[in-house]
Amino acid sequence: MVQGTETRLTGIGVSDGVALARARVRAPERADGAHSAPAEPSVERARLEAAREAVRRELRAEAERAAQTVGEENARILLVQEAMLDDPLFFPEVLRRVEADRLSAEAAVQAVAEELAAQLAALDNAYLRERAADVRDIARRLVRILRGDTDEVLGDAGEPVVLVVDDLLPSDATRLDPNRVHGVVARVGGKTSHAAILLRALGIPAVFGVAEALEAIRDGDLVVLDGTRGRCVVNPEPETLKAFEAKVAEERRLEAEWEAMRDRPAQSRDGQRVTLEANIGTPAEVAAALASGAEGVGLFRTEFLFLESPDLPGEEAQYRAYREVVERMGGRPVTIRTLDVGGDKELPALALPKESNPFLGYRAIRLCLERRELFETQLRAILRASAHGPVRILFPMISSFDEWRAAKAVYEDVRRRCEAEGIPVAADIPLGIMVEVPAAALLADRFAEEVDFFSIGTNDLVQYTVAVDRTNEKVAALYDPFHPAVVRLIAQVIEAAHRRGKPVGMCGGMAGEPLAAPLLLGLGLDEWSMEAGALRRIKLLLHRLDASECRALAARVLALGTAAEVRAALEEFLQAAEG
Ligand code: PEP
Ligand code: MG
């Protein structure tokens with residue numbers, strides 16, 4: 001949308017924060033490329049071999065650097081790319097084309113990479129489809145080196161920039177210097193892409209999925225970027241700039257307030273203490289969790305290891321990932337959730353049949369209890385990691401006692417076997433359940449007799465309570481955590497657990513919503529786990545709230561009949577509290 005001279009663009013905010021800088025546009029590489037005329041095949045082959053070794057050195061050096069900035073697990077992405085240099089389908093074919101088709105080295109690399117990437121992109125397997133980006137990535141590196149180009153946007157020191165790209169590849173992301181690249185706009189990509197995870201780890205604000213990015217933004221344009229809301233404004237008008245500067249000033253004020261608060265315990269104005277934790281999906285996210293003052297990991301979604309691999313990850317790979325998180329959290333508790341696939345998360349290695357109601361189907365604990373070997377392997381890996389720091393185990397989507405008891409029995413069996421083999425494991429590993437199915441919420445008083453802790457997963461609890469598919473845009477307006485039925489279930493779980501002296505956490509998105517904070521504090525929620533980016537705001541807000549006032553508010557809210565009334569009551573309360 002154009003307003004005066006400025007252009008407003010929207011996309012998906014994939015990494016929080018704001019930025020203002022001149023654009024550096026990197027146009028996508030073109031496969032038809034105007035290449036220099038080919039020399040003798042023997043000369044082209046020698047150039048190719050030299051370029052391959054240069055890329056190999058570059059990747060190894062970058063992997064070493066990346067391990068420091070984005071964690072070892074993510075740095076491995078670069079080593080996967082290195083392995084591709086030796087893939088028999090790739091480089092030997094490039095060498096053959098130089099000879100057979102008399103192509104230049106650059107043209108041969110691009111031709112083979114495009115063909116290979118197109119074949120991969122057409123496959124059914126999501127993991128292999130994603131590898132198309134890696135093939136293009138490697139080809140781009142080879143061509144850059146063959147042409148003698150420098151990677152100026154990514155490597156040079158100089159003026160800060162907002163980098164504008166077609167598709168940010170993971171290896172690009174690991175090399176970005178946050179002092180130089182203040183923000184990223186990409187035409188494609190989403191929140192769960194590798195590149196997005198890496199940008200969050202680096203703290204670089206970013207907006208992906210901006211369809212018009214490359215047409216609307218030119219090199220040197222001034223770009224205002226809001227990675228939290230997924231917006232950018234190109235060549236902003238004076239009023240827009242003013243509003244942006246006000247936002248930056250507010251950010252600075254919050255930052256200063258935060259500096260004073262970061263290491264203080266999270267508590268309300270009148271001293272009610274709560275625990276603030278982070279949700280993570282990969283070991284790389286530990287850095288952001290710690291930077292935002294998380295006192296632990298309230299939810300480690302372990303799916304990433306499974307979704308990104310063409311095969312099932314073995315015990316060793318899982319153990320390494322869990323141990324990395326536990327060690328980097330330095331004694332803070334890590335809540336590891338056992339595998340939650342099915343629903344909207346497809347697991348290529350299991351080749352699960354399509355279901356007409358996947359969220360009501362073969363998912364999470366249901367699948368694990370049937371695929372015993374899968375479940376046992378994961379539990380062994382978690383048990384081994386428990387020797388390196390405090391670990392808690394969380395079972396997803398529990399809807400009955402049978403499931404909880406069966407899951408616990410498998411855990412105890414695996415534990416006994418580890419001990420018999422002399423494998424060191426922690427003496428005390430609390431076992432908890434996700435409360436994300438209304439059946440579990442309604443039985444919370446009984447579950448509280450057996451489980452060590454609860455974690456309320458509002459993302460699913462909302463969809464199952466109000467019968468609204470969380471991924472269906474058509475009914476998105478009906479999906480509301482402030483629906484009074486959801487609020488009552490949450491209240492019931494907390495009360496039932498507290499009667500038995502058991503702690504209750506929340507790891508669904510509601511825990512990170514400022515509007516929910518007074519309600520959750522009033523209901524007595526003990527452990528709040530959220531995306532690292534949300535922690536600061538919630539902690540600052542909690543310090544302004546009075547828990548006894550919030551308890552009175554919660555009692556009032558529990559008597560309300562509609563989500564709109566609940567929201568209105570909370571908004572009014574927050575306005576008064578934030579004054
Ligand atoms: C939830 O359902 O609230 C939750 C945290 O789990 P996920 O979003 O991974 O389903
Ligand atoms: Mg869930």
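Atoms within each ligand, like the ligands themselves, are counted from 1 in listed order. For the single chain, residues carry numbers from 1 onward in sequence order.
- Around the CZ atom of R446, the shell of radius 6.0 Å holds no more than 12 heavy atoms that belong to other residues, nucleotides or ligands.
- Ligand 1 has no N or O atom lying under 3.5 Å from any N or O atom of E303, backbone or side chain.
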Practice task
Before giving the answer on side chain to side chain contact (heavy atoms under 4.5 Å, CB included), spell out for L254 and E257 the whole-Å C-alpha distance, their side-chain angles and the decisive distance to 0.1 Å.
Solution key: CA-CA 5 Å; L254 281 176; E257 202 181 326; 4.2 Å; yes
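- At a 4.0 Å heavy-atom cut-off, ligand 1 touches L299 through the side chain alone.
- Residue M434 places a heavy atom under 4.0 Å from ligand 1.
- Which parts of ligand 1 touch G457 is read off a 4.0 Å heavy-atom cut-off, strictly below it: atoms 1 (C), 2 (O), 3 (O).
- For atom 6 (O) of ligand 1, the closest non-hydrogen atom of the protein is R337 NH1, 2.9 Å.
- One finds no salt bridge joining R231 and D226 here, because no Lys/Arg side-chain nitrogen approaches an Asp/Glu carboxylate oxygen to under 4.0 Å.
- The aromatic rings of Y464 and F359 sit perpendicular, their planes meeting at an angle over 60°, well past the 30° parallel limit.
- Set against the non-hydrogen atoms of C507, the atoms of ligand 1 under 4.0 Å away are 5 (C).
- Residue M530 places no heavy atom under 4.0 Å from ligand 1.
- Counting heavy atoms of neighbouring residues, nucleotides and ligands inside a 6.0 Å radius, atom CZ of R567 exceeds 12 of them.
- Ring centroid separation for the pair F447 and F401 comes in under the 6.0 Å cut-off.
- With 2.8 Å as the limit, D460 counts as an N, O or S neighbour of the Mg ion (ligand 2).
- In this structure, CG on D167 lies 7.5 Å from CZ on R187, to the nearest 0.5 angstrom.
- Under the 4.0 angstrom criterion for non-hydrogen atoms, Q463 is not in contact with ligand 1.
- Set against the non-hydrogen atoms of E436, the atoms of ligand 1 under 4.0 Å away are 1 (C), 2 (O), 6 (O).
- The part of R470 lying near ligand 1 is the side chain, judged by heavy-atom distances below 4.0 Å.
- With respect to the Mg ion (ligand 2), E436 has OE1 as its nearest N, O or S atom.
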